[in-house]
2 protein chains.
Amino acid sequence: MTSEDVQFPTLERSPTLSDRVTDSVLQMITSNALKPGERLPSERDLGIKFGVSRTVVREALRSLAAKGVLDVRTGSGAIVARVGVETASQTLRLFVQGSRAGSDALHYDQINDVREMLETRVARIAARAAQPADLDRLRELHEQMKKAKNDVELASSLDVAFHREIAVATGNPLFVVIIDSIEPALLEIRRKTLGSAGRPTKALRAHAQILERIVAADAEGAESAMNEHLADSRAVWARLES
Amino acid sequence: MTSEDVQFPTLERSPTLSDRVTDSVLQMITSNALKPGERLPSERDLGIKFGVSRTVVREALRSLAAKGVLDVRTGSGAIVARVGVETASQTLRLFVQGSRAGSDALHYDQINDVREMLETRVARIAARAAQPADLDRLRELHEQMKKAKNDVELASSLDVAFHREIAVATGNPLFVVIIDSIEPALLEIRRKTLGSAGRPTKALRAHAQILERIVAADAEGAESAMNEHLADSRAVWARLES
DNA sequence: TCCACTGTTTACATTCGACGAATTGGCATG
DNA sequence: CATGCCAATTCGTCGAATGTAAACAGTGGA
């Protein structure tokens, strides 16, 4: 009898030792057995507990630190951390960037779909949730953009930053992370559209109106103002692309 | 004058060697100097190039692998990869989970804001973008959920999976990642609301209508059907919370 | 000529041991 | 009781050695 009817196990790409340690520790964290702020045993002790060398433990901890769930510092040890906006944003940005190539590429229209969905809703929510400090920052960014009217590069950054700040004003970090993920694409678009004649002043006017509606806590008004702004922006982009 | 109004710089503790190597390689990747599919030099060679030990290189590569930008396999080497949906979703989920505790906690209402924003728009886009295969999967999930009416646990999973599949049907991976990030929260909610009397059949009816509108490629109809479904779901939730 | 097998080489996986550097906490001193 | 110093802890980095998996190239047979 040859090996014809043997059951081939679903050959699980043998996880490396450090992968297994990573999963194990990660699961302890996600299951809340280890809470943020808590300190893990030393690398040496972990190695003993898992029966692996310290090198393996180090690589596992290093992976978790890269994911943002651990903060490991010299002399102190590894501390369970909460994944911050920066980490989440970075990963999502890498995801978007990576998805923009290849056959199943993320098309510009798809990013724009996300943007429209996000920004209209964000404008609405910001209008009813913005705190005084948020409004101050928005005003400040708007003023800076007025002054930077002739510097396309700087104006683009400020433009995108203005939109981001509206997301911050909602008080919902998820909105911030999402807008961060498409930030490079937005910046790219902005650089091109702002070069178009008359765009800077028009964009400034639109921003002024959005800001005014947010300050007035007018959710509907803020949303429709943002909607117009986006529609206009889209029109300019369509003209440039052709 | 004491140290009352001095600006304490966020003293950046000296980046470790492997952190610097990580940044260096990551920058090569984001700047497209290294394209997806390309192979990096061996760990040994990298160590020589950077003037560090192989251990340091290994930890750096391991970090990048955790971020999803590298795929390192035994015998072959490290290959630049595109960050996949799974990696992005995982990080975002960890972010959401971590944000649900503490004083600045992510409140349920905030997750619901994201959900409403996402699902209404997703339903609309899916209606005009869904492919036959997507529709098949949606129908299949719906059928399964019909059968699982009495198993709250299973029905909850299928319910959430149905919503996720609508996001998949848009063909836009960003929507999928976003819905994945709030999946645990959705599941939690579903488990509770589906326990309520009469909910299962009502949810099934709503799903049937959404599915029908998507199949009919009726964007407006799909959006409003989803809107009703969400409003209803929210009402049940509000009743349960009080 | 083409294909399958096999041995070699390359590259990662893991271990051990050692030393340096940063942090912490306790202890001695004034 | 406050201060400053020392010692223990823990991570950071290095180097060498051995095991394992994948790719490669050469060989023999059909």
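All chains are named by letter (A, B, ...) in the order of the sequence lines, taking the proteins before the strands, and each is independently numbered beginning at 1. Only this structure's heavy atoms are used, side chains among them; waters, hydrogens and symmetry mates stay out.
In terms of polar N and O atoms assigned as donor or acceptor, the side chain of A:Arg62 never comes within less than 3.5 Å of the base of D:dG12 in a complementary pairing. Judged by distance alone with a 3.5 Å cut-off, no donor-acceptor contact links the side chain of B:Arg73 to the base of C:dA13.
The pair A:Arg115-A:Asp113 does not meet the salt-bridge criterion, since no charged nitrogen lies less than 4.0 angstrom from a carboxylate oxygen. Taking a cutoff of 4.0 Å between a charged side-chain nitrogen and a carboxylate oxygen, A:Glu143 and A:Lys146 qualify as a salt bridge. Between A:Glu43 and A:Arg62, no side-chain nitrogen of the basic residue sits less than 4.0 Å from a carboxylate oxygen of the acidic one, so the salt-bridge criterion is not met.
Spacing between atom CD1 of A:Ile79 and atom P of D:dT10 amounts to 12 Å, rounded to whole angstrom units. Computed from coordinates, the A:Arg58 CZ to D:dC14 P distance equals 11 Å when rounded to whole Å. Straight-line distance from the CG atom of B:Leu61 to the C1' atom of C:dA11: 12 Å, rounded to whole Å. Across the protein-nucleic acid pair, B:Asp19 atom CG and D:dG12 atom P stand 9 Å apart, rounded to whole Å. Counting to the nearest Å, the P atom of C:dA11 and the CG atom of B:Leu46 are 11 Å from each other. Protein atom CG of A:Asp71 is 12 Å distant from nucleotide atom P of D:dC11, rounded to whole Å. Atom CZ in B:Arg44 sits about 11 Å away from atom P in C:dC12, given to the nearest Å. For A:Arg39 and C:dT23, the CZ to P distance is 14 Å, given to the nearest whole Å.
Between D:dC14, D:dA17, D:dG12, one nucleotide has an atom nearer to the side chain of A:Glu43 than all others, and that is D:dG12. Relative to the side chain of A:Val72, the nucleotides C:dC12, D:dC14, D:dG12 differ in distance, and D:dG12 lies closest.
Residues A:Arg20 and A:Gly75 both approach DNA chain C. Their nearest nucleotides, taken by heavy-atom distance, put A:Arg20 toward the 5′ side. Projected onto DNA chain C by closest heavy-atom contact, B:Ala78 and A:Arg54 fall at different nucleotides, the more 5' of which corresponds to B:Ala78.
Rounding to the nearest 0.5 Å gives a distance of 10.0 Å between CG of A:Asp23 and OG1 of A:Thr30.
Using a 4.0 Å heavy-atom cutoff across all strands shown, B:Ser42 reaches sugar-phosphate atoms only and no base atom. Contact annotation for B:Ser76: backbone-only contact, meaning every heavy-atom pair under 4.0 Å involves sugar-phosphate atoms and none involves a base.
For A:Thr74, no side-chain nitrogen or oxygen approaches OP1 or OP2 of C:dA22 to under 4.0 Å.
The main-chain N or O of A:Gln110 is found under 3.5 Å from a side-chain atom of B:Asn172 such that the two form a donor-acceptor pair.
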